[in-house]
Amino acid sequence: MKNRVLFIVTVVVVFLLGLLASSIVNRKNEAKYKYVPQVDIGENEPRNSEWGKNYPAEYQSFLQTADTSFVSYQGGSAMRDMLEEDTNLVVLWAGYGFSKDYNQGRGHQHAIEDIQNILRTGGPKGKGDGPMPATCWTCKGPDVPRLMNEKGVAEFYAGKWADKGEEIVNPIGCADCHDSETMKLTITRPALVEAFDAMGKDINNATHQEMRSLVCAQCHVEYYFDKDLPGKEGVPYLKFPWDNGMTVEAMERYYDSIGFKDWTHKLSRAPMLKAQHPGYETYVTGVHADRGVSCADCHMPYKSEGGQKFTDHHIQSPLNNVSNACQVCHREDADKLKLNVYERQMKTAENRLKLERFLVKAHVEAKKAWDLGATEEQMEDILMDIRHAQWRWDYAAASHGASFHSPVETARVLGSGFTIIQEGRVKLARLLAELGYNEPVDMPDISSKEKAQEYIGLDMDALRKEKEEFKENLIPKWLEAAKERESKYGTKSVSLNE
């Protein structure tokens, strides 16, 4: 009897082991033949759909970046009018394009569409040939490295934004981060390489794990346009201000040393700095970076389908993918993890909004001092306080995920901004008294975006009309030109947005 039972158990075990072995073999075969090339991908191939023929799993997940349904406390993928949500921003950016239009960034699939639609790229008479340089296209898609290779880097940066509209039609995708021959992660934007060189570092020594963040750092960083580079005078050459380091103070020292300003504030006349989106600079000061966690680990975690493990190219907020992005390391409940994130973001937002209100008051009070006859000498130190305080606010605000990536550093930066602007307002109060004004300065009604934009002198109806003319007249021509090039040159040219 015992022998019979042992025999039956042995048969069952052998059968199950056979099923397991068969499954393993099948999975290995699936993985082995998963990436049999279907097409030859050209060196400068910008079309994501062509890459997708060889890498269908990655491509299908990438297409999901078109989704705009996820909304979180601070971000998500939905279109959000940030000027409507926070009207202080209109005054803080008075005289700069961001006071016209500033929306929450959507997924990479929308990169081309969103820059075409934003009012900041309008221009006189709706032609899109306003002050925005061609450099503003740099992070919008894989046609950029194609053009840089074909025309040269400085030649790409030269000219106006509208000059290259018909050439850049593919949204952010494969060729922005991958070598077409080896599929290794690669740096396609020279500004990052040049920034590492300026710091005395060789980016070629970066590990694969470091590259899983550095390909993001090509764009999610602070930058400016340098028009005074030797041999490239007048060209708005893209540069990262990292020569002294990546901290808020190090970049400020760099900007101050070269006398750079993004614009002169319309109210206070302060020489302002506009932080772009220093996500990488703030990320490197946080605990995740310290533990060796890359951007891709959370925003592009691994997933498995069939027998294949691959990187999920649905680049998105980890809060919309907690099980793969967070719970791989953190064993807490998903709702608990989300609550932890929101608590950090809300506490940071509380201080950020307080600092904004102080900055708005400083700009209005400075305008009052000018109106009363203040001299440039009297205003010099005050304007630098406004510049430095708003730079700290913007550094913390524009980096989007900083309140979670690095809450301690973000709190420190905002705290130093409070100190600087309060000192500046004390100086303003003394100056106003010297000028014979001893009453509190009346603050404008900026309770809505429309009221705030009217206060700083924007004719929004005219700007919207210009943008509509641009969209009706110029964008169709760009798309038609793209179609003609694709028809003529095939894979060597470009295609419309997928």
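Atom CD of Gln276 sits in a crowded spot, with more than 12 heavy atoms from other residues, nucleotides or ligands closer than 6.0 Å. At most 12 non-hydrogen atoms from other residues, nucleotides or ligands lie less than 6.0 angstrom from CD of Glu377.
A donor-acceptor contact under 3.5 angstrom links the side chains of His363 and Gln390, judged on distance only. Using a 3.5 Å distance cut-off with no hydrogens or angles, the side chains of Thr285 and Ser406 do pair a donor with an acceptor. A side-chain N or O of Gln218 and one of Thr188 form a donor-acceptor pair less than 3.5 Å apart. Looking at Asp297 and Gln209, their side chains do bring a donor and an acceptor atom within 3.5 Å of each other.
Looking only at distances, no side-chain donor or acceptor of His108 sits under 3.5 Å from a matching main-chain atom of His314. The backbone N or O of Gly231 sits less than 3.5 Å from a side-chain atom of Glu233, completing a donor-acceptor pair. Between the Glu167 side chain and the Lys164 main chain, no donor and acceptor come within less than 3.5 Å of each other. Listed for the Thr135 side chain is no donor-acceptor partner under 3.5 Å among the backbone atoms of Leu238.
Side-chain contact between Glu249 and Arg392: present, with at least one pair of heavy atoms (C-beta onward) separated by less than 4.5 Å.
With respect to His277, the ring-ring contact (aromatic ring centres under 6.0 Å, His included) criterion is satisfied by exactly one of Phe98, Tyr102, Tyr223: Tyr223.
A salt bridge is absent between Lys368 and Asp442: the closest approach of a Lys/Arg side-chain nitrogen to an acidic carboxylate oxygen does not fall below 4.0 angstrom.
Aromatic ring pairs are classed by plane angle as parallel below 30°, tilted from 30° to 60° and perpendicular above 60°; the pair Trp137 and Trp478 is perpendicular.
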